[in-house]
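Letters go in sequence order (proteins before strands), and every chain restarts at 1.
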Amino acid sequence: MIKSYDFIYRRLLEYYGPQGWWPADSDFKMMIGSILVQNTNWKNAEKALENLKHYLQPEVMHQLAEEKLAHLIRPSGYYNMKAKKIKAFLYWYKKYDYRLSLLKFREKNELRKELLNIYGIGNETADVILLYAMEKPVFIADNYARRIFRRLGYNVPHGYDRFREMVERALPEETSLFNEYHALLVAHGKTHCKAAPICEGCPLLDVCEQRF
DNA sequence: GTCCTGTCCA
DNA sequence: TGGACCGGAC
């Protein structure tokens, strides 16, 4: 079927190529990065991560005073809030002895509920952690995805989980697929399908209902 | 000046 | 639902 979620995926992959998001480095760094990047561009989140390079182990980072932590992550913006969020995450993670292996085997909806209970972790960050650290097949139903599919002509549900479940039902449950799909949608949302869209040269132009 | 891989709280 | 949080790149 033309314009299926799978078709869009293949088009984007062909055009942008594999994005290679977050398999490298450590799971811990990935999870901290997911908080730092909230409503911030990745370049600034990266600067903050670079400042944290001597503290990228949970036990070590938890020793940092919140004020010191806030100072180090300054480049990522919202640094006071994000320091608080990282601390909250570490308090939660400590219950599991900072061992992702104790969490990974658990059921994804159960894990999502638990992540959402942590201060500073909302729908997107919870799912990003589920997908990129815990390797669960989850569709990140973020604003990029919403904007792109709506413009393409999909009837996108209002609620985050409704939208996520709709896409998940339409695709095979493969973590690598969701991993790449999210990265491709972000790439597309930053390159062509921006808030102010650049439709010239868009790889989806022929199947898009919203042409500017 | 605008935008950025959001979330919390009233 | 709207405001607060916030620096850096363009």
Side-chain angles (χ1 to χ4, degrees), chain A residues 8-9 12-13 16-25 27 29-52 66-92 112-136 138-151 156-164 167 175-198 212:
Chain A
I8 301 300
Y9 172 76
L12 292 175
L13 183 60
Y16 293 103
Q19 301 296 298
W21 266 32
W22 276 328
D25 285 340
D27 292 321
K29 185 176 177 183
M30 180 273 134
M31 295 191 283
I32 297 302
S34 73
I35 294 173
L36 292 174
V37 78
Q38 289 174 0
N39 204 35
T40 305
N41 61 64
W42 180 246
K43 274 211 161 64
N44 290 351
E46 243 180 348
K47 284 180 195 296
L49 278 175
E50 173 63 20
N51 291 345
L52 289 175
E66 195 173 306
E67 303 74 44
K68 175 96 182 280
L69 179 59
H71 174 72
L72 289 169
I73 63 174
R74 206 180 137 82
S76 71
Y78 308 121
Y79 49 88
N80 288 316
M81 298 297 286
K82 285 177 180 174
K84 214 180 287 290
K85 292 173 180 183
I86 288 171
K87 280 291 186 182
F89 172 77
L90 288 169
Y91 275 114
W92 169 78
R112 174 184 291 112
K113 244 182 251 171
E114 200 162 327
L115 286 167
L116 287 173
N117 264 332
I118 304 167
Y119 174 82
I121 302 211
N123 286 316
E124 277 193 51
T125 308
D127 280 342
V128 164
I129 289 173
L130 279 176
L131 175 59
Y132 291 97
M134 300 178 178
E135 299 176 90
K136 303 293 184 186
V138 168
F139 180 73
I140 314 292
D142 66 353
N143 288 323
Y144 279 137
R146 180 164 249 106
R147 183 167 77 206
I148 291 165
F149 287 121
R150 201 168 35 203
R151 282 179 179 161
V156 177
H158 283 296
Y160 178 91
D161 284 317
R162 296 269 175 288
F163 180 32
R164 176 178 59 74
V167 180
T175 298
S176 58
L177 171 67
F178 289 110
N179 177 325
E180 196 60 47
Y181 211 158
H182 175 58
L184 286 168
L185 287 169
V186 171
H188 188 53
K190 282 163 59 170
T191 310
H192 285 288
C193 210
K194 311 204 278 191
I198 301 173
F212 294 84

Review point. Taking for each residue the nucleotide of DNA chain C bearing the nearest heavy atom, is the 5' side occupied by A/Lys43 or by A/Ser76?
Key: A/Ser76

Revision key, fill the gap. For residues 121-130 of chain A, the side chain to side chain donor-acceptor pair (under 3.5 Å) pairs (sequence neighbours left out) are A/Gln38-A/Thr125, A/Arg112-A/Asp127, A/Asp127-A/Tyr160

Revision key, fill the gap. side-chain hydrogen bond (donor to acceptor under 3.5 Å, both in side chains) filter on A/Tyr16, not counting sequence neighbours, yields A/His188

Point to revise | Qualifying residues under side chain to side chain contact (heavy atoms under 4.5 Å, CB included), relative to A/Tyr119, sequence neighbours excluded | key: A/Met81, A/Lys84, A/Lys85, A/Ala88

Revision key, fill the gap. Taken in chain and number order and not counting sequence neighbours, the residues that satisfy side-chain hydrogen bond (donor to acceptor under 3.5 Å, both in side chains) with A/Tyr79 are A/Arg74

Check your understanding: Is A/Asn123 touching bases, backbone alone, or none of the nucleic acid, heavy atoms closer than 4.0 Å?
Key -> sugar-phosphate

Review point. Within this structure, what is the NZ-to-C1' distance between A/Lys82 and B/dT5, rounded to whole angstrom?
Key: 10 Å

**Study point:** Sequence-distant partners of A/Phe178, ring-ring contact (aromatic ring centres under 6.0 Å, His included), two or more places apart
**Key:** none

Review point. At what distance, to the nearest 0.5 angstrom, does CG of A/Leu185 lie from NE2 of A/His182?
Key: 8.0 Å

Exercise for review: Round to a whole Å and report the spacing from CG of A/Leu184 to C1' of B/dT5.
Suggested key: 13 Å

Review point. If you measure from the P atom in C/dG2 to the same atom in B/dT5, how many Å do you get, rounded?
Key: 23 Å

Revision key, fill the gap. The first and last nucleotides of DNA chain C lying within contact of chain A, meaning any atom under 4.0 Å from one of its heavy atoms, run from C/dC5 to C/dA9

Check your understanding: Which part of the nucleic acid does A/Thr125 contact within heavy-atom distance under 4.0 Å: base, sugar-phosphate only, or nothing?
Key -> sugar-phosphate

Check your understanding: Which distance, rounded to the nearest 0.5 Å, do you find between the CG of A/Asn51 and the OG of A/Ser76?
Key -> 9.5 Å

Review point. A/His188 NE2 to B/dT5 C1': how many Å, rounded?
Key: 15 Å

Check your understanding: Once you round to the nearest 0.5 Å, how far does CG of A/Leu13 lie from CD of A/Gln19?
Key -> 8.5 Å

Where do N or O atoms of nucleotides 1-4 of chain B meet protein N or O atoms at under 3.5 Å, pair by pair?
unit_1: B/dC4; atom_1: O2; unit_2: A/Asn41; atom_2: N; d: 3.2

Please write out each protein N/O paired with an N/O of nucleotides 8-10 of chain B under 3.5 Å, distance rounded to 0.1 Å.
unit_1: B/dC8; atom_1: OP1; unit_2: A/Gly120; atom_2: N; d: 2.9

Check your understanding: Can any side-chain N or O of A/Ser34 pair as donor or acceptor with the backbone N or O of A/Ile129 at less than 3.5 Å?
Key -> no

Study note, to complete from the structure: For A/Arg146, the side-chain hydrogen bond (donor to acceptor under 3.5 Å, both in side chains) test, sequence neighbours excluded, returns none

Exercise for review: For A/Glu66, check side-chain hydrogen bond (donor to acceptor under 3.5 Å, both in side chains) against everything at least two apart and list the hits.
Suggested key: none

Exercise for review: Rounded to whole angstrom, note down the P distance from B/dT2 over to C/dG3.
Suggested key: 16 Å

**Study point:** A/Phe149: ring-ring contact (aromatic ring centres under 6.0 Å, His included) partners, not counting sequence neighbours
**Key:** A/Tyr5, A/Tyr154

Point to revise | For atom CH2 of A/Trp21 and atom P of B/dT5, their distance in whole Å | key: 8 Å

Point to revise | Inter-nucleotide P distance (C/dG8, B/dT7), Å rounded | key: 22 Å

Check your understanding: Which distance, rounded to the nearest 0.5 Å, do you find between the CD of A/Glu67 and the CG of A/Asn80?
Key -> 9.0 Å

Point to revise | Secondary-structure notation, DNA chain C, from Watson-Crick and G-U pairs under 3.5 angstrom (| other strand) | key: |||||.||||

Review point. Using the ring of each side chain (for Trp, its six-membered ring), is A/Tyr132 parallel, tilted or perpendicular to A/Trp21, with breaks at 30° and 60°?
Key: tilted

